[in-house]
Visitor: 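Okay, here's the structure, questions in a sec.
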Amino acid sequence: MNILVCISPVPDTTSKINFKEENTAFETLGIQYVINPNDEFGLTRAVHLQQKVGAKVTVVTVGDTSCEPILRKCLAIGADQAIRVDLQPQDGFQVATQLEALCKKTNYDLIITGRESIDYNGGMVGGLLAVHMGIPYVPNCVHLDLSGNDVALEREIDGGKERLKSSLPLIVGAQKGLVEEKDLIIPNMRGIMQARQKPLEVVSPIEVTAATLVEHYEKPPEKGAVKLVDAEDIDGLIDLLTNEAKVL
Amino acid sequence: MAVVVYLESQKGTIKKTGFELASYGRAVADALGEQLIGVGFNLQDTKSINPYGMDVLYNVDTPEGSFFNADRYSSTIAGIASKEKAQVIVVSSSADGRYLGPLLSAKLDAAFLSNVVDLPTQYSPLKVKRSCFTNKAFNRTLSQKECNILSLSSNAFGLNEQQGDVEVRSEPYAEATTDLEVTAIDQATDKVSIADADIVVSGGRGLKGPENWHLIEDLASVLDAATACSKPVSDMGWRPHSEHVGQTGKPVASNLYIAIGVSGAIQHLAGINSSKVKVVINNDPEAPFFKAADYGIVGDAFEVVPKLIEKLKARKH
Ligand SMILES: Cc1cc2nc3c(=O)[nH]c(=O)nc-3n(C[C@H](O)[C@H](O)[C@H](O)COP(=O)(O)OP(=O)(O)OC[C@H]3O[C@@H](n4cnc5c(N)ncnc54)[C@H](O)[C@@H]3O)c2cc1C
């Protein structure tokens, strides 16, 4: 069984977001990149399946050489091999199209993306890839169990959960719940050493233009200072929310 | 030519997000001089859309007892969009809206633009403002495609009533293209969900333990609000994962967000920042949440919240 986990390197969640070149580009200076948290839950589930059913786990990222430390980290967590498609993508459509080209060369039974990346929050790579490949997609996936070719899944929906069934091949959009926070694997020294020996293949991108281009960035307007209300003056708070903010 | 909006419903009734999408779609259709077309499934009260100026509503019947099926829904909507030569298709930012958007975009060779927060500033090519970096910033995105699927952030546009007399049409339910099937839905509660709520009441580690959550529940109940929590609270199992909000949890874009015993870590704030009005109750005046909030009380949640509940209850009567 072949599992492909699609990894998006994203700015560490504590990053302060700044822009450069007259707000037309993201300022990467001083930014620490990490595995997109949603992808990390997916990778962990893949490593569990590797141990349970002997699956082979490949991680892939569409990005330039600066993404390689992230791929090495995925290998240290337990992936068997890594692929980097050598392109700095401009949008999710480009990423999905590159992945499609890859998936047409090798058959993957299970493809895992994150529910969304926490930088551009597009949440589209899995869905686009699924339609292009003609296979099903389950986003917000919080449970995935395999039995032979059959898959039992759960998708988190607003106010509840949906249970689904499907067969392989299939794409899921991972998030917390697929595995728990405590299940996340912190690479140990042995893992890190082994990761150096594992294959990291660089493939050339196919020619494809983006569907969208970001022209300009801006930060949210500066917020006014908080209005403090005395802890004894609950009526004052209710009055402000009713008559000033008009939200009650 | 047309603008198409997908109207989500619950038990046959159009959800509030549907009215917001219709209001937004109307404004887009007016700018383009086109018709506004709605698509809904198993709707029982098609007249409820009348005050939002919709021209045509396709009401699609699905087999008795069947569940939401993103593949078949998106094929059905894509079929209508092609037939009507839709230039813009609008979906919500709910779990289902964000599921359908990318499928629609692939089926129609359209661009998908998530987290849209305003009307497009131009149409050919389309340019629109979106939030990014989980609400830490915004960008102006220029589409390279003729047809565009927009996923509108909830409460970003609001409701805009105007006269309308919708023409209701039927449309066959598209066939499945994959074998994926929903077998059951477990609705956590019949409470309002975080995505649909006008008000969200959220609790953090400052509440000390799950046994104190009646404070959050009771406050939410007098306000008809949804309940939410910080990440550690769900990680420790005090509350279900579905309540975890923030950068790695659910996004919140409510009118009012009340945070109780939540410190206001950058990851938490990122996810809730697009809420219109933020209130914090925290006993530490240095808690970062006070920098992000509009209103705040420095005080002990165990003293402040019961009083607040009592006053709000009294006010209701
Ligand atoms: C990769 C990553 C992703 C993350 N994603 C998220 C996310 O999506 N969402 C999220 O929430 N967090 C996220 N976090 C965690 C985040 O960094 C914080 O740790 C978390 O938000 C803190 O939760 P808290 O505010 O409930 O707890 P604490 O930080 O412990 O704060 C508790 C607060 O309660 C106050 N308090 C204590 N007693 C009382 C009382 N009696 N009355 C009133 N106030 C009281 C304290 O003053 C304190 O401010 C993430 C972290 C990482 C590393």
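In the text below, chain A, chain B and the rest are named by the order of the sequence lines, each starting its count at 1. Both backbone and side-chain heavy atoms feed into the values below; hydrogens, waters and symmetry mates do not.
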Visitor: Any side-chain donor-acceptor pair under 3.5 Å between B:Gln247 and A:Thr13?
Guide: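 A:Thr13 and B:Gln247 do not have a side-chain donor-acceptor pair below 3.5 Å.
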
Visitor: Checking heavy atoms, do the side chain of A:Ala210, its backbone, both or neither come under 4.5 Å from chain B?
Guide: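 Backbone of A:Ala210 only, per the 4.5 Å heavy-atom cut-off to chain B.
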
Visitor: Do B:Ser234 and A:Lys176 have side-chain atoms, one donor and one acceptor, less than 3.5 Å apart?
Guide: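 There is such a pair between these side chains.
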
Visitor: We want to know whether A:Ser167 and B:Asp179 form a side-chain donor-acceptor pair, criterion being a heavy-atom distance below 3.5 angstrom.
Guide: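 There is such a pair (donor and acceptor under 3.5 Å, judged by atom type) between the side chains of A:Ser167 and B:Asp179.
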
Visitor: Taking only residues at least two apart or on different chains, which pairs with a member in residues 208-248 of chain A satisfy ring-ring contact (aromatic ring centres under 6.0 Å, His included)?
Guide: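 Of all non-adjacent pairs touching residues 208-248 of chain A, those that pass ring-ring contact (aromatic ring centres under 6.0 Å, His included) are A:Phe19-A:Tyr217.
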
Visitor: Are A:Asp158 and B:Lys250 ion-paired here, with the side-chain N under 4.0 Å from a carboxylate O?
Guide: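 Between B:Lys250 and A:Asp158 there is no salt bridge, as every charged N stays at least 4.0 Å from the carboxylate O atoms.
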
Visitor: Looking at B:Asp186 and A:Glu162, would you say the former's side chain and the latter's main chain have a donor-acceptor pair under 3.5 Å?
Guide: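 Between the backbone of A:Glu162 and the side chain of B:Asp186 there is no qualifying donor-acceptor contact (under 3.5 Å).
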
Visitor: Of all the residues in residues 92-112 of chain B, which have a heavy atom that comes within less than 4.5 Å of a heavy atom in chain A?
Guide: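 The list, in residue order, reads B:Ser94, B:Ala95, B:Asp96, B:Arg98, B:Tyr99, B:Pro102, B:Leu103, B:Ser105, B:Ala106, B:Lys107, B:Ala111, B:Phe112.
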
Visitor: Could you have a look at A:Gly134, A:Gly122, A:Pro37, A:Gly126 and say which one has the most heavy-atom pairs with chain B under 4.5 angstrom?
Guide: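 Most pairs with chain B among the choices: A:Gly122.
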
Visitor: Is it the backbone or the side chain of A:Ile118 that comes under 4.5 Å from a heavy atom of chain B, or both, or neither?
Guide: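 For A:Ile118, backbone and side chain are both near chain B.
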
Visitor: My understanding is that only one of B:Arg130, B:Lys136, B:Arg140 makes a salt bridge (Lys or Arg N to Asp or Glu O under 4.0 Å) with A:Glu218; could you say which?
Guide: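 The option that passes is B:Arg140.
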
Visitor: Does a side-chain N-to-carboxylate-O contact under 4.0 Å join A:Lys182 and B:Asp235?
Guide: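 Between B:Asp235 and A:Lys182 there is no salt bridge, as every charged N stays at least 4.0 Å from the carboxylate O atoms.
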
Visitor: Looking only at the side chains, is there a donor atom on one of A:Glu180 and B:His241 sitting less than 3.5 Å from an acceptor on the other?
Guide: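 Distance-only check passes for A:Glu180 and B:His241.
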
